[in-house]
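All remarks here apply to the structure that follows.
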Amino acid sequence: MATHPISIDSAGGEYMETVLVIAWAMKSGDPVKTGDLLVTVETAKAATEIEADRDGWLAEIFFAEGQEAPVGAVLGTIADAKPMAGQPASVGPATAAAAAANPRELVADEASSSIRPPGSRAVASPLARRLAASAGLDLATISGSGPHGRIKKRDIDAALAARTNEHDDAGQRTPTAVQTSPVAAPALARQTAPVVLIHGFGSDRSVWRQVVPLLQSGIDTISLDLPGHGTESARPASSIEEIAFLLSDRLEEMGVGNAHLVGHSLGGAAALALARLGRLAVRSVTLLAPGGLGPEINASFIAGLARATTVQALQPWLTVMVGDPAALPSGYAQAALRQMEKAGNRDAIAAMAESLFPDGTQGFDLAGALGELAVPTRLIWGRLDRVIPAAHAARAPGFTAVHLLDGVGHVPQIEAPVLTARLITETVRSAG
Amino acid sequence: MAMMRYAEALNAALREEMQADPSVFVFGEDIGRYGGVFKVTKGLMEEFGETRVRDTPISEQALTAMAVTAAMTGTRPVLEIMYADFVPLTLDALVNQASIYNYIWNGQVKMPFVLRTQGGGGAGAGAQHSKSLDSMLAHIPGIKVVAPSTPADAKGMLKAAIRDDQPVVFLEHKLLYNTRGEVPEGDVTVPLGKAATLREGSDISIFATSKMVVEALKAADLLAADGVSAEIVDLRSLRPLDVNAIVASIAKTHHAVVVNEGWRFCGYAAELSATIMDHAFDELDAPVARVTLPDMPIPYSEPLETAMLPSAEKIRTAALKTLK
């Protein structure tokens, strides 16, 4: 629903930094006609009345009576449609919603800060952005106390404290909501370790569709989208470490403290980087044609995949991906392309290709991470792999079981789903 | 521990290294008979003779080339360039020889020489004798650039620099030579490339080298009176840079002021700011603030020079602004 700011720009306060809100003429949810008196504020010389510039409903009140508001701040909003009872009219500030219910309960220090008009970009420090994202806070609901209204860490802390108090008062405290520390995650860890499946470059989690139902019953699976891929297109990553951090954050959010890792290609490298990170208790590792075990990678394939905009352009590259083109499910190219066309996906993937595979070389070496694993480890590689050479399997340490599949190319999970599922099941079971 | 002046600590380091290793020798303008303009090489000629302690003509370009060839052929020369303002004369040997020979000859050549020099303002020495050209030197890959702030680090790092197989530019400051501090006795080296946290704090990190560390410590006192807890990190080495120490401090305070006595544009403070954004962007709660010399020549007039130089008060102002 569209809302319109009630501003004090025209309130004659140019020579002042703040104005004092004297009285609101109506309450949140009341209908408004153009020219109606909305609010009276005290400016340099006199009380000034602010009138409605349109018809609608008074939706939100950001500055309660008795509070000072900076000149230029938005005092409240008018909505085009009647707000639902008990709800703010828009994705508006939570505190403002509380204020609307009882304006006098607004926290005092909010007076000196400004809340942006709905829809404008929040100005926040990088730290504040990160903290808000990990706590699930919408920056649009937070007022910034820094220069030019910049949201700083202290504002996030205040918002989190307010939220905790709210929950306490309501007797429905949810500890997960305010946790930002990874240290707390193990307490929430699941009892049984799930199998976490990580797809490869340019793909998405649906690539495991055939394998998952073939796993032995009782095995839980979580298929993750890599950063920059699938549902995560908004958050690309530029290094294998960053991928590992982001995946690890997501698993922690899900309460996954220990897991069996299965990774394909770039996802295999990600699995190794994730294991090396040490934030997750890894029970076993199954790698399908993983990256990170040698410098070679088929640069034309990566570039072709990232660049293709038509089925005709994509099809030859998909043919390179498999040992036998007949193994590709019909419509695979269309589906892959559809995925790529989703907002942001193509840009995210192209950017990742550039930083992860500079000059057509794998920009990371995870042989060391593989060598450090102390859990059952299995390597599966198609002998006909034309994307990453199966010869890289020769770098596997002695404790790793290596399976080289005849007639299979780069994607065993599509080309040999039954065998792949069996090998994943055996790895998971052997870990106990 | 012994209480020593910064210049005495450097002198002790040179003496000890020359005693321990006959391949170490020192040379430069007025460093022998006269003992150096700042008396860092005082008494060395008497002790080690005119072969290992050489007075040279005024030709920084030839002297640096001499250091390069002497280092390549198995000695460990320590060259003194009287003022950092004369460093541009040494640059060809640094940029086109010292920094790259190891690379172009596939590691067959070592380059174990030290170029000592002193810079900085505050002594009324005018536009040709007051500059800090750290940035120009730290820009060159293949050489190390260090700038200790205390007598203990001056001694320990000069010993480490002499033993290092890479060229090391050792930056001193004319106003530090008379500062005093405790120096551990005996053969103690301080590793190059490691920062030192001189004062712990929780609100803001201040990164500096050389004389600017002294100003930063004064600023921390001023800030304490303002109710701000400042952490002072003495980077000690400009290159290699102790990025881990920087990131660790910012992860604690989330605010940073970087201080450098050199010019602002393309300066070392800019490099530090960019490094912080490369490695700790998501830890920052405010933009990184730079405190530097303005992009102008340094005036001879004392009030004008004072107005230009980075100072404790300017660091304090920058810190308070960053914390707003």
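Hydrogens, waters and symmetry mates are skipped; everything else that's a heavy atom, side chains included, is used. Since this is a predicted model, take the numbers as computed values, not measurements. All chains are named by letter (A, B, ...) in the order of the sequence lines, taking the proteins before the strands, and each is independently numbered beginning at 1.
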task = Name, in order of residue number, those residues of residues 196-210 of chain B that have a heavy atom at a distance of less than 4.5 Å from a heavy atom in chain A; otherwise write 'none'.
result = none

message = Whether B:Arg236 and B:Asp153 form a salt bridge (side-chain N of Lys/Arg under 4.0 Å from carboxylate O of Asp/Glu) is what I want to check.
response = yes

task = Go through the structure and list residues passing salt bridge (charged side-chain N to carboxylate O under 4.0 Å, His left out) with B:Glu283, not counting sequence neighbours.
result = A:Arg130

inquiry  = For A:Lys152 and B:His255, which I'm curious about, is there any donor-acceptor pair between the side chains at under 3.5 Å?
reply    = yes

message = Below 30° counts as parallel, above 60° as perpendicular, anything between as tilted: where do the rings of A:Phe357 and A:Phe364 land?
response = tilted

query = Is B:Glu261 salt-bridged to B:Lys211, cutoff N-O under 4.0 Å?
reply = no

request  = Look at B:Glu313 together with B:Arg316 and state whether they make a salt bridge at an N to O cut-off of under 4.0 Å.
outcome  = yes

ask   = Highest number of heavy-atom pairs under 4.5 Å with chain B: which of A:Gly146, A:Ser125, A:Ala128, A:Pro147?
value = A:Ser125

